[in-house]
Amino acid sequence: MADRSPAPDTPELRARWGAFEFSSEYKAKADKAIARYPEGRQKSAVMPLLDLAQRQVGEETDTQGWLPIPVIEYVAGYLGMPAIRVLEVATFYFMYNLVPVGKYHVQVCGTTPCMLRGSDALFETCAARGMVKGHVSEDGLWTLTEVECMGNCATAPMVQINDDNFEDLTPERLDAVLDALAAGESPKAGTQEPGRHTSEPANALSSLTAMVGENHDYRGQW
Ligand code: FES
């Protein structure tokens, strides 16, 4: 489990982020998110606004983005919420980075199905590139985090990198994905298994076989 403590609130942090505010582009997105909720319920938009703030910080720093304390306070002010309430949300969800990260946030699932399918080797692949859990690599490209199940167990092992999941990985396939990202390319997300489309059975269908040709009502057979 990665550390979920926010970066220290220092004078340097205030100097860099104290004047943060949404750009016109992000403000439009934030107001659109708020408008999805009834009048007086704007606090319900706290999660999308934190996500937008993190993305704007990411654009300004050429990283995946993170949430310095002054930015969290800005979101709180935008929604008329106590800052502590917004901090509670930011520290609870892994999708929010509380410390600076690299351009690519490599989140390797280490939970049992992924572990049984080879996630240890994926961590070794990352280590071979100089990635250390919880740290930004020297070239600023990578941050490695070990995460719990990401819901892709049927295509384990998997890694989430920024907004994409890469599944059915081997060390060689992960290397290819990382090479492509480092070269500024956009590798295909999803399963990396040749011939596999999404999470359909990797071999022949073994259940619900009557559904192959047409919709079949199984209820009478329960
Ligand atoms: S255990 Fe890795 S995605 Fe579920």
Side-chain angles (χ1 to χ4, degrees), residues 1-6 46-48 50-52 54-55 58 63-67 88-137 141-183 185-209 211-212:
M1 179 71 68
D3 183 11
R4 297 300 295 162
S5 303
V46 63
M47 290 191 67
L50 282 172
D51 178 63
L52 289 168
Q54 177 165 282
R55 288 174 189 276
T63 68
Q64 195 209 17
W66 67 292
L67 292 170
E88 286 168 354
V89 175
T91 53
F92 184 80
Y93 292 101
F94 253 61
M95 62 188 280
Y96 305 118
N97 301 317
L98 301 174
V99 294
V101 293
K103 185 177 177 70
Y104 298 108
H105 191 182
V106 181
Q107 301 189 77
V108 181
C109 176
T111 303
T112 311
C114 281
M115 185 268 286
L116 292 174
R117 296 269 296 165
S119 64
D120 284 353
L122 301 184
F123 283 112
E124 289 167 13
T125 301
C126 294
R129 287 176 180 258
M131 295 188 215
V132 177
K133 285 181 193 173
H135 294 273
V136 181
S137 61
L141 268 185
W142 318 107
T143 290
L144 174 62
T145 301
E146 178 172 356
V147 293
E148 306 296 331
C149 180
M150 305 278 269
N152 283 135
C153 317
T155 48
M158 65 79 65
V159 170
Q160 182 182 89
I161 304 178
N162 293 9
D163 287 338
D164 290 319
N165 288 356
F166 298 91
E167 305 151 27
D168 281 320
L169 288 171
T170 62
E172 295 74 24
R173 291 172 185 174
L174 178 57
D175 257 334
V177 168
L178 297 175
D179 280 343
L181 291 171
E185 299 165 6
S186 301
K188 168 190 163 296
T191 178
Q192 305 298 304
E193 177 73 27
R196 199 175 195 186
H197 181 54
T198 56
S199 58
E200 76 276 17
N203 299 310
L205 197 62
S206 60
S207 62
L208 301 179
T209 50
M211 297 287 274
V212 172

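The structure presented is a predicted model; accordingly, all values stated were derived computationally and were not measured. Residue numbers run from 1 in the order of the sequence given. Read the numbers this way: they start at 1 and go in the same order the structure lists the ligands and their atoms.
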> In terms of heavy-atom contacts, does CZ of Arg117 have more than 12 from other residues, nucleotides or ligands at under 6.0 Å?
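No, the 6.0 Å shell around CZ holds no more than 12 heavy atoms from other groups.
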> Answer yes or no: is there a side-chain heavy-atom contact under 4.5 Å between Asp163 and Arg55?
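The answer is yes; the side chains approach within 4.5 Å.
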> Suppose we only count N/O/S atoms under 2.8 Å; would Cys153 qualify as near atom 2 (Fe) of ligand 1?
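No, since none of the N, O or S atoms of Cys153 sits under 2.8 Å from atom 2 (Fe) of ligand 1.
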> Going through the distances and angles, do Gln160 and Asn165 end up as a side chain to side chain donor-acceptor pair (under 3.5 Å)?
CA-CA 4 Å; Gln160 182 182 89; Asn165 288 356; 3.2 Å; yes
> Among all protein heavy atoms, pick out the one at the shortest distance from atom 3 (S) of ligand 1; state its residue, atom name and that distance to 0.1 Å.
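Answer, as residue, atom name and distance: Asn152 N, 3.2 Å.
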> Mark up the atoms of ligand 1 that fall under 4.0 Å of a heavy atom belonging to Cys109, in ascending order.
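Under 4.0 Å from Cys109, ligand 1 has these atoms: 1 (S), 2 (Fe), 3 (S).
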> Any N/O/S atom from Cys149 (main chain or side chain) under 2.8 Å of atom 2 (Fe) of ligand 1?
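Checking atom 2 (Fe) of ligand 1 against Cys149, no N, O or S atom falls under 2.8 Å.
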> For Met150, counting its heavy atoms only, list the atoms of ligand 1 lying under 4.0 Å from any of them.
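In order of numbering, the contacting atoms are 3 (S).
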> Using a 4.0 Å cut-off to any heavy atom of Pro113, which atoms of ligand 1 qualify?
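Counting atoms of ligand 1 from 1, those under 4.0 Å from Pro113 are 1 (S).
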> Tell me whether ligand 1 is touched by Ala156 - counting only heavy atoms on the residue side and a distance under 4.0 Å.
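Flag not set, Ala156 not near ligand 1.
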> Cation over ring, Arg4 on Phe94, under 6.0 Å and within 45°?
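Ring-cation test returns yes.
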> Taking all atoms of both residues into account, what is the closest heavy-atom pair of Pro171 and Ala121, and its distance?
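Reported closest heavy-atom pair: CG-CB, 3.7 Å.
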> With atoms numbered from 1 as shown, which atoms in ligand 1 lie under 4.0 angstrom from a non-hydrogen atom of Cys114?
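Here the atoms of ligand 1 in question are 1 (S), 2 (Fe), 3 (S).
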> Could you walk me through whether Met131 and Leu141 pass side-chain contact (heavy atoms from CB on, under 4.5 Å), step by step?
CA-CA 9 Å; Met131 295 188 215; Leu141 268 185; over 6 Å; no
